[in-house]
There are 2 protein chains.
Amino acid sequence: MSDRIAESGVQGLARQGLTGQDRGSGTALDGKGPLFDQIKRAVAGQILRGRWQAGERLPNEEELSSLYGVSRQTVHKAIALLAREGFLVRRRRAGTFVATGRRDRFALPIEDIGDVVARDGRVYEFRIRERKSLRNGEGIRWPDLPDGAPILTLECLHFSDGMPIQHEWRLVNLDAVPEVADEPFDSMAPSRWLVDRVPWSSAEHTVRAVNATAEMAALLGVEPGTACLSIRRQTMHLSRPITLVHFLSVGDRFSLSGASITDSATELNM
Amino acid sequence: MSDRIAESGVQGLARQGLTGQDRGSGTALDGKGPLFDQIKRAVAGQILRGRWQAGERLPNEEELSSLYGVSRQTVHKAIALLAREGFLVRRRRAGTFVATGRRDRFALPIEDIGDVVARDGRVYEFRIRERKSLRNGEGIRWPDLPDGAPILTLECLHFSDGMPIQHEWRLVNLDAVPEVADEPFDSMAPSRWLVDRVPWSSAEHTVRAVNATAEMAALLGVEPGTACLSIRRQTMHLSRPITLVHFLSVGDRFSLSGASITDSATELNM
DNA sequence: CCACCCATTATGTACATACATTATCGTTCG
DNA sequence: CGAACGATAATGTATGTACATAATGGGTGG
């Protein structure tokens, strides 16, 4: 504690000269960034290096606090964050344990196709092929919406340097987004318009591989049967469906990529 | 502040009778769960309902603090968490703003194929087709590994009720995981073995759609050209490659699905 | 008038304190 | 001996206080 006071008034960076040793135990804090981040790195490091094995119990907050020479609150913050990120499991009275069997998830960014194309330095265009207003159940049924609810359907093609790369088929819940009825979509693609305008709170996705039908193949300018990535996404707001969209992209012109999520290690520059 | 004292000693649940009104302003806190969660819900609610628009500036911590009748620290915790989840953007001196253009990511679970099959109530089996030890650059090149590094290659098929559903082609860095050389994999599939045994800290993924080659089609028991989902994943630990794996699954027997990530709204039961 | 500088403001971090909550573990009682 | 119970140890939450950090926006001097 007392050694803390010596450097009180020094927060965040500029703690250069002060590495672990100055905090009592000699357990390595690197002196970079906020204290709680240093603790996170130190603890995550012990785990990643196998020093603390999966399932093993960590010292309690008091002990860590004196081990690293910081207050219990600071340790608590660091450990609570690691727990939130899935590295640790905490149980009152029982203690803190290294998480076992980390089932990972990976994150795929949902990017606007226009952004992707533009980032590749290509010219993006889109064309609305069809636009219809109808009621749910009339020819089309959107399962999560009651029959008779007004729906706008949009069919759209996306181009990169003039080459078709993605087909989009979309349903929009007109009860939830009435303004869409007056939007011509002559300069802005529906997906972009919706992202910018309509708040949403959750979404579900399904990714599959399918062979292009003759019709789709013709639209996308490929041989029938070409493998395509099919992405279905339903977006909701306050548990009300907003839009249901089906993207079809030619396999060798489009891919999804991403990194693991709770990537504390990356975050922590390890 | 003073109204807080009236109920000091009451934390977490059991705050039934005390709704917003008791905290001064009448801005709705629902009295359920920790105070900072209530604040999170209240603020996220305002945003989702469009009461606070995208890009708009929120009241500062002091104001929110008196608005909700809690301390600045509690407000800070709630707001900081919402910012961490991507709902808000904070800038010192400038203030707190509702995040604009929320780029969503969605989470795909990385499940062991065996678990998936078992959950469907089917019988899971796998078969190792080939296993070789070689050095990087001899016939195969793993770009992220230096030439000459020892590699174990595994080729493997996964079955559901006797039907082939996934082909796996894997490279393992023997420098990083030497024990794998002695593992026969006669009861446990390589993926499972690795997950259970080897710590890892990050991973990269790419998902594509491809047409089955004649060879793959034969192995998977489908027509050549059938659309397949191709997943490439490289797992690292402390910035050292551990394993590089390539899964190929028949399109209509396998799909990926998941929900959006920063789903504060779901978390918050909205 | 523009560039620079500095006061101000809002967020960020750290520590101390106090009490709540929860589940484990040991003890006691039937 | 087993079930119930209560002390206890661990994490969780809330508040007060203090100061750090960053950047805005206005004022000042050239």
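By convention in this document, chain letters (A, B, ...) are assigned in the order of the sequence lines, proteins followed by strands, and residues within each chain are numbered from 1.
Side-chain N or O atoms of A/Ser160 include none that pairs as donor or acceptor with a backbone N or O of A/Tyr124 at under 3.5 Å. Panel note: side chain B/Arg170, backbone B/Phe247; no donor-acceptor pair is recorded below 3.5 Å.
Only one option out of B/Val245, B/Leu244, B/Thr243 pairs with B/Val172 in a side chain to side chain contact (heavy atoms under 4.5 Å, CB included); it is B/Thr243. Of the candidates B/Val43, B/Thr96, B/Leu64, B/Pro59 forms a side chain to side chain contact (heavy atoms under 4.5 Å, CB included) with just one, namely B/Leu64.
When the P atom of D/dT21 is taken as reference, atom NE2 of B/His76 falls 15 Å away, rounded to whole Å. As rounded to whole Å, 9 Å separates atom P of C/dA14 from atom CD1 of A/Ile39. Whole-Å rounding puts the B/Ile79 CD1 to C/dG12 C1' distance at 14 Å. B/Arg92 has its CZ atom 14 Å from the C1' atom of D/dT24, to the nearest Å. As a whole-Å value, the separation of A/Leu64 CG from D/dG12 P is 13 Å. Atom CZ of B/Arg90 and atom P of D/dT21 are 18 Å apart (whole Å). Protein atom CZ of B/Arg84 is 9 Å distant from nucleotide atom P of C/dT13, rounded to whole Å. Taking atom CG on B/Leu81 and atom P on D/dT13, their separation rounds to 10 Å, with Å as the unit.
Within the structure, every side-chain polar atom (N or O) of B/Thr74 is placed at least 4.0 Å from both OP1 and OP2 of D/dA14. Of the side-chain N and O atoms in B/Lys77, none sit less than 4.0 angstrom from OP1 or OP2 of D/dA14. Applying the 4.0 Å criterion to OP1 and OP2 of C/dT11, one finds that B/Thr96 has a side-chain N or O inside that range.
Counting heavy atoms from C-beta outward, B/Phe87 and B/Lys40 have side chains that stay 4.5 Å or more apart.
Ranking C/dT24, D/dA10, C/dA14 by closeness to the A/Pro34 side chain, first place goes to C/dA14.
Residue whose closest nucleotide on DNA chain C sits further toward the 5' end, between B/Gln73 and B/Pro59: B/Pro59. Nearest-nucleotide positions on DNA chain D place A/Arg57 closer to the 5' end than the other of A/Arg57 and B/Arg93.
Residue B/Glu61 is classed as a sugar-phosphate contact, given heavy-atom separations below 4.0 Å to backbone atoms only. Contacts of B/Arg91 with the nucleic acid, taken as non-hydrogen atoms under 4.0 Å apart, involve only primed sugar atoms and P, OP1 or OP2.
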